[in-house]
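Below, chains carry the letters A, B, ... as their sequence lines are ordered, and counting in each starts from 1.
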There are 2 protein chains.
Amino acid sequence: MKISGRPTTEGSRGIKQKKEKLKNFLKEKGFKSTRQRDLIASEFLEMGEHVTAEELYREISKKYTDIGYTTVYRTLKLLNQSGLAAERVFADNLTRYEPLSAEDHHDHLICMKCGSITEFQDLRIERLQERVADEFGFVAVSHKMELYGYCRKCKDNA
Amino acid sequence: MKISGRPTTEGSRGIKQKKEKLKNFLKEKGFKSTRQRDLIASEFLEMGEHVTAEELYREISKKYTDIGYTTVYRTLKLLNQSGLAAERVFADNLTRYEPLSAEDHHDHLICMKCGSITEFQDLRIERLQERVADEFGFVAVSHKMELYGYCRKCKDNA
DNA sequence: AAGGAAATTGAAATTCATTTTCAATTAGAC
DNA sequence: GTCTAATTGAAAATGAATTTCAATTTCCTT
């Protein structure tokens with residue numbers, strides 16, 4: 001099992017690469033590269049967490065007062081379309097985004113007390129999911145798995 | 001693996017039992033038994049699917065024009081609290097409810113074309129989930145697992 | 001480099017499910 | 001039956017997500 005206790009913030013190399021990918025995506029689709037999109041993408045990739053549009057907007061507002069919420073929202077959608085971000089909705093019903101690297105599928109452990117989100121990957125589970133789908137004649141395209149409970153810290157000082 | 005291709009509608013025995021359980025829950029909590037709650041619970045248990053408040057309301061409106069949406073909504077919340085119903089949100093972001101029997105935990109296969117929802121249970125996956133949680137020092141309370149893809153029908157006549 | 005068509009921006013308005021409010025009604029304890 | 005607290009349902013409020021639209025910017029064409 002691949003462990004990543006806390007979503008890792010990308011080194012600047014990865015970020016540059018990803019911004020390049022975004023540019024390609026935009027050009028390909030006939031969209032335009034703008035100062036705003038560039039700044040929003042940078043900030044998003046640097047945060048490297050499961051952020052909401054709102055959170056990202058607040059962060060960006062600190063540095064750039066002229067970038068609106070709507071543009072942050074739309075840029076996150078764009079990042080999602082381009083495959084650079086994944087859109088996720090957990091039990092609190094807010095839409096969160098996380099940077100996505102090529103082959104890194106993972107699921108989440110969510111603490112019901114402190115709200116921390118921990119990522120994990122388990123190939124054994126993935127295989128079984130595939131098998132279940134097969135048994136129903138179902139072609140699985142994607143899945144969503146979240147374990148809710150209490151993290152090490154929160155279960156201890158309860 | 002337990003298979004239930006389509007959520008089964010309860011026999012009337014089960015429904016009576018559940019309505020009894022609801023009554024007990026209400027009394028216990030100092031809430032009142034009302035004609036509306038009774039009718040809404042009956043209709044809900046008979047439908048036995050993953051209904052939204054809206055759908056249930058529309059169904060009930062056909063028979064009883066004096067029951068309001070708000071009451072249906074609140075009764076579903078109540079059923080959820082009492083453990084008789086489970087609240088679920090899938091990718092379409094609507095809150096759905098399904099009758100819940102004591103020990104019947106299950107997950108869902110959701111067709112991205114026709115929207116059909118199929119239930120399944122797989123103990124091997126459950127065990128692995130427990131193990132993953134353990135490895136993170138996490139105490140799992142509940143989980144959510146959904147496989148999205150195309151059902152037998154939809155993948156065939158594509 | 002200038003022109004111009006098309007995309008983008010951001011504030012404000014809209015949507016839509018969900019949740020709350022409140023006055024009138026009802027359940028059920030005494 | 002009386003009384004008090006809970007319930008009801010229409011309407012209003014909420015709040016995140018999405019759309020609108022006029023002003024601005026990008027970038028393709030010349």
Side-chain angles (χ1 to χ4, degrees), chain A residues 19 22-41 43-44 50-82 85-97 115, chain B residues 19 22-41 43-44 50-82 85-97 115:
Chain A
K19 287 175 65 175
L22 174 61
K23 256 188 184 153
N24 293 340
F25 169 79
L26 292 174
K27 181 159 280 180
E28 204 172 282
K29 293 278 184 183
F31 298 150
K32 291 171 180 171
S33 285
T34 66
R35 175 182 149 269
Q36 289 95 330
R37 283 176 179 168
D38 195 64
L39 293 172
I40 293 167
E43 192 66 30
F44 170 68
H50 302 85
V51 293
T52 61
E54 175 64 26
E55 285 165 355
L56 183 56
Y57 168 65
R58 271 210 301 279
E59 207 51 37
I60 285 178
S61 296
K62 290 181 191 165
K63 302 187 188 171
Y64 315 101
T65 52
D66 63 328
I67 294 185
Y69 171 81
T70 313
T71 303
V72 172
Y73 163 79
R74 283 189 282 221
T75 302
L76 284 171
K77 287 279 174 201
L78 227 41
L79 286 166
N80 182 234
Q81 282 172 51
S82 74
E87 221 182 69
R88 302 196 180 279
V89 182
F90 301 123
D92 64 3
N93 241 50
L94 293 180
T95 303
R96 290 164 198 282
Y97 294 84
Chain B
K19 287 174 64 174
L22 174 62
K23 256 189 183 152
N24 293 341
F25 169 80
L26 292 174
K27 179 159 281 179
E28 204 172 280
K29 293 278 183 181
F31 297 150
K32 291 174 179 171
S33 285
T34 66
R35 175 180 148 270
Q36 289 93 328
R37 284 176 178 168
D38 195 64
L39 293 173
I40 293 168
E43 192 66 30
F44 170 67
H50 302 85
V51 291
T52 61
E54 175 63 27
E55 286 166 353
L56 183 55
Y57 169 65
R58 269 210 303 279
E59 206 52 35
I60 285 178
S61 296
K62 290 181 193 168
K63 301 187 188 172
Y64 315 101
T65 51
D66 63 328
I67 295 184
Y69 172 80
T70 313
T71 303
V72 171
Y73 163 79
R74 283 190 282 223
T75 302
L76 284 172
K77 286 277 172 203
L78 227 42
L79 287 166
N80 182 233
Q81 282 172 51
S82 74
E87 222 181 66
R88 303 196 181 279
V89 182
F90 299 122
D92 64 2
N93 241 48
L94 293 179
T95 303
R96 290 164 198 283
Y97 294 85

Self-check item: Per-nucleotide protein contact string for nucleotides 19-30 of chain C (B base, S sugar-phosphate only, - none; heavy atom under 4.0 Å)
Solution: BBB-----BS--
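- A donor-acceptor pair is defined here as one N or O able to donate and one able to accept, closer than 3.5 Å; such a pair exists between the side chain of B/R37 and the backbone of B/K32.
- Between B/L78 and B/N93, the residue whose closest nucleotide on DNA chain D is further toward the 5' end is B/L78.
- Side-chain atoms of A/S61 come within 3.5 Å of backbone N or O of A/Y57 as a donor-acceptor pair.
- Residues passing the side chain to side chain contact (heavy atoms under 4.5 Å, CB included) test with A/S33 are A/K23, A/L26, sequence neighbours excluded.
- Following rounding to the nearest Å, A/D38 (CG) and D/dT26 (P) show an atom-to-atom distance of 12 Å.
- Looking at residues two or more places apart in sequence or on another chain, you find a salt bridge (Lys or Arg N to Asp or Glu O under 4.0 Å) between B/R96 and B/D92.
- Within 4.0 Å (heavy atoms only), A/T95 reaches sugar-phosphate atoms of the nucleic acid but no base atom.
- The distance between atom CD1 of A/I67 and atom C1' of C/dT9, rounded to the nearest whole Å, is 10 Å.
- Put simply, CZ on A/R37 is 15 Å from P on D/dT25, counting in whole angstrom units.
- Going from atom OG1 of B/T34 over to atom CG of B/L39 covers 8.5 Å, rounded to the nearest 0.5 Å.
- Considering only residues two or more places apart in sequence or on other chains, A/N24 meets the side chain to side chain contact (heavy atoms under 4.5 Å, CB included) condition with A/E20.
- Of the residues in residues 53-66 of chain A, none lies under 4.0 Å from DNA chain D by heavy-atom distance.
- A side-chain hydrogen bond (donor to acceptor under 3.5 Å, both in side chains) check over residues 69-82 of chain B, counting only residues at least two apart or in different chains, returns the pairs B/K77-B/E87.
- Counting only distance, with no hydrogens or angles, the side chain of B/E43 and the backbone of B/I40 share no donor-acceptor pair below 3.5 Å.
- Separating the CG atom of A/L39 from the C1' atom of D/dT25 is a distance of 15 Å, rounded to the nearest angstrom.
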